[in-house]
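Chain letters run A, B, ... following the sequence lines, proteins first and then strands; every chain starts at 1. Note that this is a predicted model, so its numbers are computed, not measured.
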There are 2 protein chains.
Amino acid sequence: MNKTEIQEIIKSHFPTLNRDSVIILSKYASFLNLKKRTELISERKRHHKFYLILKGSVKAYYTKESKEVCSWFAFENEIVATIKAFNGLPSNETVVLLEDSKLLQFKTESIKELAKTNLDISHLMNCIIIEHAVFLEEKLYQLQFMSSEERYKALTNVGPEILQKVSLTDIASYLGVSRETLSRIRKKK
Amino acid sequence: MNKTEIQEIIKSHFPTLNRDSVIILSKYASFLNLKKRTELISERKRHHKFYLILKGSVKAYYTKESKEVCSWFAFENEIVATIKAFNGLPSNETVVLLEDSKLLQFKTESIKELAKTNLDISHLMNCIIIEHAVFLEEKLYQLQFMSSEERYKALTNVGPEILQKVSLTDIASYLGVSRETLSRIRKKK
DNA sequence: GTGATTTTGTGATAATTGTCAAATGATTTC
DNA sequence: GAAATCATTTGACAATTATCACAAAATCAC
């Protein structure tokens, strides 16, 4: 994939950006084609990249007593990043590909530098972080106010791809219930 | 409180701002001295302000089957805002003063407008939202990975003021357990 | 394609937590 | 300062969910 193609992708994903900003941003972006189970972000390590999923999917998980507990999933056209990594701190979650995926990789530090002088990119970063915060608030609301059954329904209502791509074990840990309880929830309906 | 004093407060709370930005920002800020139980943000209503607590405290809650369920608390030197309100959407939580409080009130729309042309303020907004996202991620982590007992300890470790100012009923709903269960957790230690 | 491995489903039991009811303790109001 | 209101604690019981053990189904590797 060449620079022009990368610019086209950036343009279509971030339509608020002006032409110059697209070109500058593309200098710190690169295309990746990675195999299933590749770790994009690893626990306890610092990471200097964030990603846009062009095709494929990822899961993020914490490790609790040597068990994986999923914290989120991401699919096509979504941004993959953690606030910790974005702030230059060691991540406390691991992010791994659920399938062979095509990604656009961005250099976090370079783009944060750009944002210091480029209003257009500062605004873009604002939008991305706000979107992330909206996602977090919604998830928090679900965790605090909905039963595991309601949360399961909310998850499946988003689309069928989550059930196709994510194992029920991972979904159970994401919902905060045991595999067995999820199995019984599914049986009901 | 006059404009110069407001400028001094803004300067000390947001030390990255340059002199001009402090002055511009102060045009959209005003000082408030409000009584306990005043609602800063009300459920189902749109709000066009956000706040900095100079002295005092607030709680935020959702209403679930006519019961209050607390989602967060804020104290001195913290920002009071919700992403929903910030995006111009009706809030789904209510924010209310826990005691007589002194606040600095900012006009959300005016400051978002400023951020479109002022890099300094755009950067400030970035920082505020990132801080909010860090807070949300931490809370999500606690809700998903820690027992109610561990979460209670984490809450009290932040400082004694939370126990002085917030009722155990509110803390129980915040932790996601019943009043009775919290009472038994407290008895253990 | 077949055996091996992983994932998912089911039953029985134990542990945790919620709910209801009532008592005690603290605070507010007049 | 006493009555009234509100907050917290405690006990008994019911409901929910986790855990363990194992069976069935699906998927993977060669």
Side-chain angles (χ1 to χ4, degrees), chain A residues 35-38 56-57 59 61-70 73 94 96-101 142-156 160-189, chain B residues 35-38 56-59 61-70 73 94 96-100 142-156 160-189:
Chain A
K35 287 252 166 266
K36 185 174 178 170
R37 275 184 277 271
T38 304
S57 52
K59 70 171 175 183
Y61 62 88
Y62 287 82
T63 303
K64 170 104 177 177
E65 287 147 22
S66 72
K67 275 183 191 171
E68 289 182 13
V69 184
C70 284
F73 310 103
T94 298
V96 64
L97 296 185
L98 286 169
E99 62 191 310
D100 297 356
S101 302
Q142 291 190 5
L143 218 62
Q144 197 158 25
F145 302 96
M146 287 163 64
S147 67
S148 40
E149 207 167 326
E150 289 171 315
R151 291 205 309 279
Y152 176 70
K153 278 178 194 162
L155 192 68
T156 54
E161 67 178 337
I162 201 154
L163 283 175
Q164 288 158 16
K165 294 180 174 175
V166 184
S167 76
L168 291 175
T169 302
D170 285 343
I171 289 176
S173 77
Y174 172 87
L175 295 174
V177 299
S178 68
R179 281 199 311 270
E180 294 90 338
T181 300
L182 177 57
S183 184
R184 282 163 194 136
I185 287 170
R186 281 160 59 80
K187 202 183 168 189
K188 278 192 192 172
K189 259 284 179 142
Chain B
K35 286 253 167 266
K36 185 173 178 172
R37 275 184 277 272
T38 304
S57 52
V58 308
K59 70 172 176 182
Y61 62 87
Y62 287 83
T63 304
K64 170 105 178 175
E65 288 147 21
S66 72
K67 276 184 191 169
E68 289 182 13
V69 184
C70 285
F73 309 103
T94 298
V96 65
L97 296 186
L98 286 169
E99 61 192 310
D100 296 356
Q142 292 191 4
L143 218 64
Q144 197 158 25
F145 302 96
M146 287 163 64
S147 68
S148 41
E149 208 168 324
E150 290 172 314
R151 292 203 308 281
Y152 176 71
K153 278 178 193 161
L155 191 69
T156 54
E161 65 179 338
I162 200 154
L163 283 175
Q164 288 159 13
K165 294 180 174 176
V166 184
S167 75
L168 292 175
T169 302
D170 286 343
I171 289 176
S173 75
Y174 171 87
L175 294 174
V177 298
S178 67
R179 278 199 312 267
E180 293 90 338
T181 300
L182 177 58
S183 184
R184 281 162 195 137
I185 287 169
R186 282 161 58 81
K187 202 184 167 187
K188 278 192 193 173
K189 259 285 178 144

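When heavy atoms are screened at a 4.0 angstrom cut-off, B/Ser167 is found touching the sugar-phosphate backbone but no base atom.
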**Q.** Nucleic acid footprint by protein, nucleotides 13-30 of chain D - heavy-atom cut-off 4.0 Å, B for base, S for sugar-phosphate alone
**A.** ----SSBB----------
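Proximity of a side-chain donor or acceptor of B/Thr38 to a complementary backbone N or O of B/Leu97 within less than 3.5 Å is not detected. Judged by distance alone, the side chain of A/Gln144 and the main-chain N or O of B/Gly176 form no donor-acceptor pair under 3.5 Å. One N or O on the side chain of A/Lys64 and one on the backbone of B/Phe145 form a donor-acceptor pair closer than 3.5 Å.
Contacts of B/Phe73 classified as ring pair (Phe, Tyr, Trp, His ring centres under 6.0 Å), with partners at least two apart in sequence or in another chain: B/Tyr174.
Remark: C1' of C/dT8 and CD of A/Gln164 are 17 Å apart, rounded to the nearest angstrom. Atom CZ of A/Arg186 and atom C1' of C/dT10 are 14 Å apart (whole Å). Rounding to whole angstrom units, NZ of residue A/Lys187 and C1' of C/dT7 are separated by 18 Å. Atom pair B/Ile185:CD1 and C/dT16:P shows a separation of 12 Å (rounding to whole Å applied). In this entry the distance linking NZ of B/Lys35 with P of C/dT28 reads 14 Å, nearest Å. Atom C1' of nucleotide C/dT27 and atom CD of B/Glu99 are separated by 17 Å, given to the nearest angstrom.
Of the listed residues (A/Lys165, A/Lys59, A/Lys35, A/Arg37), just one forms a salt bridge (charged side-chain N to carboxylate O under 4.0 Å, His left out) with A/Glu99, and that residue is A/Lys165.
Among all heavy-atom pairs drawn from A/Cys70 and A/Ser173, the shortest one is N-OG, 2.8 Å.
At least one side-chain heavy atom of A/Leu182 sits less than 4.5 Å from a side-chain heavy atom of A/Ile171.
Note on B/Thr169: a side-chain N or O is less than 4.0 Å away from OP1 or OP2 of D/dT8.
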Q: Show your reasoning for whether side chain to side chain contact (heavy atoms under 4.5 Å, CB included) applies to B/Arg186 and B/Leu168.
A: CA-CA 10 Å; B/Arg186 282 161 58 81; B/Leu168 292 175; 3.4 Å; yes
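Distance CD/B/Glu68 to CG/B/Asp170: 6.5 Å, rounded to 0.5 Å.
The side chain of B/Leu168 lies closest to D/dT8 when the candidates are C/dG9, D/dG11, D/dT8.
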Q) For DNA chain D, what is the dot-bracket line, given that a base pair needs Watson-Crick (N1 to N3, plus N6-O4 or O6-N4) or G-U wobble (N1-O2 and O6-N3) geometry with both distances under 3.5 Å, and | means paired with another strand? A) ||||||||||||||||||||||||||||||
